[in-house]
Amino acid sequence: MKGIIFDIQHFCVHDGPGIRTVVFLKGCPLRCIWCCNPESQILAPELMFDAEKCIDCKKCAVCDAIKFESTISLNRDLCNACGVCDEVCPTNALRIVGKHVEAREVIEEVLKDFVFYKKSGGVTFSGGEPFMQPDFLTEMLRISKEEALDVAIETSGFASWEKIERAIRYIDHVLFDIKAVDGEKHVLLTGVRNDLILENLRRISKEREVVLRCVIVEGYNFESEEDALKLADISRSLGIERIDLLRYHRFGEKKYRMLGRNYELKVRDTGLIHRIRDVLKKEGLRVSVGGLI
Amino acid sequence: MDRIKLLRQRFISGKKPRIFVDRAKFYTEAMKATEGEPMILRQAKALKHVLENIPVVIFPEELIVGAMVKDPPGAIMYPEGVGLRVLPELDRIGERKNNPLEISAEDIEIIRNEIAPYWMDKSLGAVAEKIAPKFCLDLLYRGSFYVATEIAGISHFSVDYASLLRVGLEGIKEFARRKIEEFENLHLTEPEEIEKSLFYKAVEIVCDAVINFARRYAEKARELAEKESGRRREELLKIAEICEWVPAKPPRNFWEALQFVWFMQVALHMESYEQGISMGRVDQYLYPYYERDMKSGLLYFDEAVELVSCLWIKTNEIVPLFDELLTTYFAGMPTNQAVTLGGVNERGEDATNELTFVMLEATKRVALRQPNVHVRISEKSPKSLLEKCAELILSGVNAISLFNDSVIINGWLKLGVPLSDARNYTTVGCVELAPGGKSYDSTDAALFNIAICLELALFNGETRFGEKLGVECGEINSMEELFDCFERQVEKFVKCMILTCNSFEVANQIAKPTPLISVCNSQLEIGKDITLGSAKYNFSGVQMVGLADVADSLAAIDDIVFKKKLVSLQELIKAVRDNFEGYEELRQTLLNKAPKYGRDEIANRYAKIVAEIFAREVMKYRNPRNGWYLPGIYSMSTHVGFGMLTGALPSGRKAGEPLSNGIAPHPYTKSLTSAMHGVTSIDHTLFMNGVSYIITISPNLFRGEEGLEKLISLIEGYFALGGMNCHFNVVDVAKLIDAQKNPEKYRDLLVRVAGFSAYFVDLTKEVQDEIIAKMIEEA
Ligand code: SF4
Ligand code: SF4
């Protein structure tokens, strides 16, 4: 069974307990305006171009999509992500992101670090949204369990319950992203409503221990301490104890450029994340702030 | 102020270390006065003269006394070794860029007039030049093939304190006296006995010398006590009593045992030069004293920590006296006095004890760069040991290294070392190893640039400047032929390095016998100086440098030239010769499209093969102490020095860039675990002189209790894979800022960025700034 992933990262220490390997599945139904992994969104391989790396050697002049005038220019409409230019580009300025792989192949790569998972680590499936490739995901989950791996998943929760239900028995830890607590804002900022998400969160939290993860994009998804109280309400009502707050950052900006897209979000930072942390702590939740460093 | 804070102040004030000529002056005086006598007696008398005359200083609040130099930090001069190399630099040594040193005009005069002229034709170097093959010396002086250190003396051993403490120097003296009397009373008629009795006479002299040196301190302490009152007066009187007793007699308590050790350390440093004179398994041989005092209520945990801290601080008193060139090869002013903690005992049981933790606590409190604290981790170590180590590592105490007992013990067994000595191994210097008990292993005899062997293989035995130094092998048309040619270069240059080392050892036998080291580590009943092979173990250690560069280069040639056929070997050789001028595209291909050690299986395989070639070549040879050569993989900072003199390589590395550090891969992979797989694809038990693997991390990767657990998993994973040693370099904000200015120094600095770990220097300036800003904010 094949699926599409855009990265496998070994030695991750902030994506579930212990030392973990994170498998990033490509494709996401949400379009969060602050997304820092734009290459994770589309469910197909894409071409990325890093102008800073290009040395203008013209080796990639193998295709109609690539033209050289004063410098290199890409016509993405003509690109089918065939990967030929990636192969010849000596600097990796041109790279295909996303590749089709066998589920077992992925887990074999994950298993290379088995010796480091001894105490508490394992594999984390992230994305994109892993449930966007439900069959592929479930197959990887099944093999992971066959191999006695500890399994975590990071999800936005935007998927039909049926897809989640058949996967959940293979999953040990759920890292559940909360994009916004307010329904209207959710639509505005991510492109989808959050009823299904909250419903799924309710159902998942009955079956597994859940850690909530929130990127705080000040002035967008979180505007004040009020929002923190709403978040605390949700957590408490579901018996969730732990929330990881993640700092917003702009490291994704360059990647938008590399994909030929624009990124215009301007975010101010008055330290709201710390105020939210304090509120949540007062509400009796276990909170950590991380995500940048 | 807290005693420890006060004592360590001297070493963190940023004060420039000063060169002190006392030792050189008295040593030279004595050597001049004894011309014509047997060398071993001259050395003994010289040490005695030095210890009788160097200034005796007790600093305020010290509990452990014995000053290496009168106003630390400072450098001791060893004119018989490489100490006089600084001669031409002396006038401006305070202004040099790296590791500047102070010296007074008066001392410069003493050196120029009284010291230097005498040694011109008598130093170890001068003697060695008359012995070593010229070709080998020429290679040495090029600085690009190998560095051989024994021209400075031998040192680099772990003192057998367990035996010394049992008998005290009087005990040894008595043994020597008996032997001398037997000889004088005509009971010994074999011709060998003449030389033996000479040796015992030297032993007697140096034992007396150290005992009297300690008594000078007793006097000094009493003198100071007169001027003090209250607590400090009591302390000084106590110190006087201790110095009266040790190291003459076996210590009666913990404090005395520590003082015993330190007097020996000082005296050994006055005899032989200041590299790697290590203290061995301190938490083992000192434990009986600690335990007795604790049981009888004479000592409390905090006092023990304080006493140990006092000893630890003393190890920071000296820095080496290197000239500018040597500073490139051995940067950071290391003296590498190691202490070994933890591990298993001779019976294979866990040897960790309360004193282990006392010493780790002291390490945390002292937090200076010396001593090198080496913690042995075995499968039987209590969880608390690794936890404490992890805690220290994360708190930024970068002087801690971890050693993997199972790999190391196994390695000794393969060499035929008996199980009990294998289990009782100690560490030496920065990462080296020695079997337990009486061993003299010259663990840092030489460092070898393996990358230049590849350079010569590519150029058919010539250097890139066209000099025929290597072995000619004709045109190369396949990987096999390339390998064959590379091996022949390695064979030749390892041989040259060994001949150089052996010549230097013979020079030491002739010009620098070391009776005090012999007292410590030789088998006394043999009655020979330790440079002649009277220790139980007599290995010599030589290290490989540039492993990753060679592995990456071979993998690149295999892949890009022979498999993908993107370029011909001749073309690649031309590009390398031209330092990739006009070949940037090819260079990028080599950097970005070829397999890399630490990331790709095939390059890992090449690293393994290269390592095995080096090990095999080194292990062919014996040294003049009738011991075998052992290979190691570490570089101090020679990877920078060698790198400066090594041309471009097929890995894509340009001429002059640093080579890889120790066994670590170049940071092409973003995953530490993948690097660890690469590193352990090499069999570490082949490298029993020691392997260095330095991992640079930012503390925020491992926050809180969970972070501690993760670090432990990482270490345990590495050890389970067969890693011999690891050393964590934890960086803070200041280092990050420095990394921005000097990215080449921090190529492997890991920081956490948005859910993943990145190499700091790979990040754009803006992102770096942001991380630094956030780190400051967090703190
Ligand atoms: S990926 Fe293929 S189609 Fe796209 S630009 Fe490169 S060569 Fe052309
Ligand atoms: S091959 Fe790569 S480096 Fe060369 S011009 Fe094309 S994008 Fe630039």
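So that the names make sense, note that chain A is the first sequence line, chain B the second, and so on, each numbered from 1.
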Mind ranking [options] by heavy-atom pairs under 4.5 Å with chain B and telling me who comes out on top?
{"options": "A:Glu52, A:Glu87, A:Lys254", "value": "A:Glu87"}
{"options": "A:Pro17, A:Gly271, A:Cys89", "value": "A:Cys89"}
{"options": "A:Cys57, A:Ser126, A:Gly18", "value": "A:Gly18"}

Tell me, do B:Tyr718 and A:Val115 make a side-chain contact under 4.5 Å, heavy atoms counted?
no

To the nearest 0.5 Å, how far apart are [atom1] in [X] and [atom2] in [Y]?
{"X": "A:Gln9", "Y": "B:Ser674", "atom1": "CD", "atom2": "OG", "value": "12.0 Å"}
{"X": "A:His10", "Y": "B:Arg599", "atom1": "NE2", "atom2": "CZ", "value": "12.5 Å"}
{"X": "B:Leu566", "Y": "A:Lys59", "atom1": "CG", "atom2": "NZ", "value": "6.5 Å"}
{"X": "B:Thr673", "Y": "A:Ile19", "atom1": "OG1", "atom2": "CD1", "value": "7.5 Å"}
{"X": "A:Ser120", "Y": "B:Ile712", "atom1": "OG", "atom2": "CD1", "value": "10.5 Å"}

Give a yes or no on this: more than 12 heavy atoms of other residues, nucleotides or ligands lie within 6.0 Å of atom [atom1] of [X].
{"X": "A:Glu241", "atom1": "CD", "value": "no"}
{"X": "B:Glu391", "atom1": "CD", "value": "yes"}
{"X": "A:Glu102", "atom1": "CD", "value": "yes"}

In short, B:Ser671 meets A:Phe11 closest at the heavy-atom pair OG-CB, 4.3 Å

Which region of B:Leu591, side chain (C-beta onward) or backbone (N, CA, C, O), has a non-hydrogen atom less than 4.5 Å from a non-hydrogen atom of chain A, or is it both or neither?
neither

Contact leader toward chain A among B:His677, B:Glu716, B:Glu584, where contacts are heavy-atom pairs under 4.5 Å:
B:His677

Highest number of heavy-atom pairs under 4.5 Å with chain A: which of B:Met676, B:Gln588, B:Arg587?
B:Gln588

Answer with yes or no whether the side chains of A:Lys53 and B:Asn592 bring together a donor and an acceptor at under 3.5 Å.
no

Is A:Asp244 in contact with chain B via its backbone, its side chain, both, or neither, using a 4.5 Å heavy-atom distance?
neither

Pair A:Asn92-B:Lys593, side chain to side chain contact (heavy atoms under 4.5 Å, CB included): steps then yes or no
CA-CA 8 Å; A:Asn92 290 344; B:Lys593 300 294 192 193; 2.8 Å; yes

I'd like to know if B:Glu706 and A:Arg242 make a salt bridge, using a cut-off of under 4.0 Å between side-chain N and carboxylate O.
yes

